[in-house]
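Proteins get letters first, then strands, A, B, ... in listed order; numbering begins at 1 in each.
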Protein chains: 2
Amino acid sequence: MKKKVSIKDIAAQLNISITTVSLILNGKSKQVGLSEAQTERVLKYVEEIGYKPNMLAKSLRTGKTKIICLLIEDIADPFFSTVAAHVEELLNQHGYKIIYGSTKNQTAKAIELIDLFRDRHVDGFIICPPEGLESDITGLLNERIPLVLFDRYYKTIDTDTVIVDNLESACKAVNYLIEHNYKNIGFVTLDSEQTQMQDRLQGYEKAITDHGFTSYIKKLSFSKVNQTGIDDIVQFLTENPQIDALFFGTNYLTLKGIEALDRLELSIPGNMGVISFDDHDVFKLFKPGITAMAQPISQISEQMVNLLLEQIDSTEADRKRKKIIVPAIIRIRQSSVTKTDN
Amino acid sequence: MKKKVSIKDIAAQLNISITTVSLILNGKSKQVGLSEAQTERVLKYVEEIGYKPNMLAKSLRTGKTKIICLLIEDIADPFFSTVAAHVEELLNQHGYKIIYGSTKNQTAKAIELIDLFRDRHVDGFIICPPEGLESDITGLLNERIPLVLFDRYYKTIDTDTVIVDNLESACKAVNYLIEHNYKNIGFVTLDSEQTQMQDRLQGYEKAITDHGFTSYIKKLSFSKVNQTGIDDIVQFLTENPQIDALFFGTNYLTLKGIEALDRLELSIPGNMGVISFDDHDVFKLFKPGITAMAQPISQISEQMVNLLLEQIDSTEADRKRKKIIVPAIIRIRQSSVTKTDN
DNA sequence: GTGAAAGCGCTAACAG
DNA sequence: CTGTTAGCGCTTTCAC
């Protein structure tokens, strides 16, 4: 168990001051005008003994940790874990590490996590916020902690935000079904006040209204999707047998829907056209493949990282906050082929 | 932007010493014999102003960070992200946060991450190690840093380890196919020296040999699975048209395999029986459902966390290292139903 | 019972 | 150009 060497040991060993070592280690030797020889010598020695600075001490002193907190709904969800993978990759390139937390979309859990990571002095937050976090987000903003929201946002707070054009995309998805001869299109979504779900709902309603169709909406409770989701959808379809296509508000709802259709022995797309908001790795492997409005994850991740780094690097006190809306992409598969009238 | 209050401010405000505050905050007032009244007063004030200790300073002083590093192959992989979710949940209950890194199964990346997190003084590591990390792992061991390996291990190093019984499970899976009348069973795996893949291979070979069958083995390069995996499997099947069932070494290989079978227009299980090592959320939604040897993730996670906490809490210098092997579970679906001879 | 003071390892004024 | 020094916020020994 080799003892940890500190900057002090190095200074002692080399018969120079701590400052000199610190300066050289931080690449300020040029800037301050230290001699080449000295710099070389220190760097060489440091390399030799494999010295690693104590990040804790550094952070305590500088107030910077080079850690970013990514707060998502659930790391086991493919959308979020893919976002996490992208963000990690991008931030690594800039010398940041990421620490993440799963909120399970619960306000209390999210608050706890934000507090915790703020206490740990993370240099910034990327947050997919559950409902009711307005005051905590405002708190972070007031403390001038770099912050980006994504997937959804608060209409009442001005934050840097990255989202997809939920309304447009939902509308397009439903229009796609309509163009392919589906006439009674149901929307399975969450009972949620969050902007992304509200916008998707509005997109659905717009498309339906534009064509003078009837809307069929089923809102599931987020926390109960895993318990009763399938039953709820089965019931919805049983009560509305005229429905000939379903648009799902998220990919996990689509998965539940597929199970529900299985149970009802309804075939896709023969008995029921299907489009999912959010793609999923495996939708292309289903038979039939499931058509999806895909969120361009790499684009979203890039934008978030850019906004965050911009804030970190920004010196101006009143940098204008930016909202970035990226377009979703429709991935057409067989679950939404033209309906043949019978 | 409210200024951060420190223990010093509290002491000043209350006209007592820093020590007293610190002692009380750490619950040592009883132990040291501080007056009830004093204790109450401080606790109340601290609560009132919402004081939060600076974890960095605390960590610098104590050497403990209450952070555990979880090193996995890829956070976007459903197996690993589910492990991450479980481990996070369990460690949270013990006051630990987790910071993770994706190694992409690359030695260099893993070494870099280990160094990085060690520099950040994490209190322990849970690692799914890529090949060639022996010396780094030994380094951690020598520094007495708590450490658990999972999914695979090094035969040459004595570490706490949690794995599934890869050999037995693979053997069982293949036997299941054999019992259901499949006679020419191919094994699609990775070209990897890692223990888990070696053991699965041996399990396959044992089952095949036991029945005097012929083995058909296709090893794909891990790094090229996403590029050429499908083509490779297509070629394998084209070259060995007698194969009537496939056993896949991991769930993502299974996904590639399904695409390959699609492309060859071979139906499951009519033309090809299928079993996957590792389950996947969506295997039950495929038509037909894909039979899988599932790793019991919650059990694995629990065991890992237990072993890690044991090490953290252990005082004895030479605690015996433990290897835990949990049984995998076969989830039978339609992809492996009895083959009807024709 | 409570407080003063040292020090964890590092950075950055400030001096010389 | 280089060294001295004062903290960052906290824990903990030792003294009163």
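- Listed candidates were dT11(D), dT2(C), dG9(C). Nearest to the side chain of Ala57(A) is dG9(C).
- Residue-level contact check: Ser35(A) touches the backbone only, with heavy atoms under 4.0 Å from sugar-phosphate atoms and none from bases.
- Comparing Lys8(A) and Ser17(B) against DNA chain C, the residue whose closest nucleotide sits nearer the 5' end is Ser17(B).
- Residue-level contact check: Lys28(B) touches the backbone only, with heavy atoms under 4.0 Å from sugar-phosphate atoms and none from bases.
- Side chain of Tyr154(A) to main chain of Leu133(A): a donor-acceptor pair is present (N/O by atom type, distance under 3.5 Å, no hydrogens or angles).
- The phosphate of dC10(D) has OP1 or OP2 within less than 4.0 Å of a side-chain N or O from Tyr51(B).
- Atom CD1 in Ile7(B) sits roughly 8 Å away from atom C1' in dG9(D) (whole-Å rounding).
- In this model, a donor atom of one side chain and an acceptor atom of the other lie less than 3.5 Å apart for Glu88(A) and Ser102(B).
- Minimum atom distance to the side chain of Leu60(B) is reached by dG9(D), of the listed dG3(C), dC10(C), dG9(D).
- Counting only N and O atoms by type, the side chains of Ser22(A) and Thr19(A) include no donor and acceptor under 3.5 Å apart.
- Using modelled atom types, one finds a donor on one side chain and an acceptor on the other under 3.5 Å when comparing Thr20(A) with Ser17(A).
- For Thr19(B) against dA4(C), a side-chain-to-base donor-acceptor contact under 3.5 Å is present.
- In the interface, the side chain of Arg61(A) is paired with the base of dG7(D) through a donor and an acceptor atom under 3.5 Å apart.
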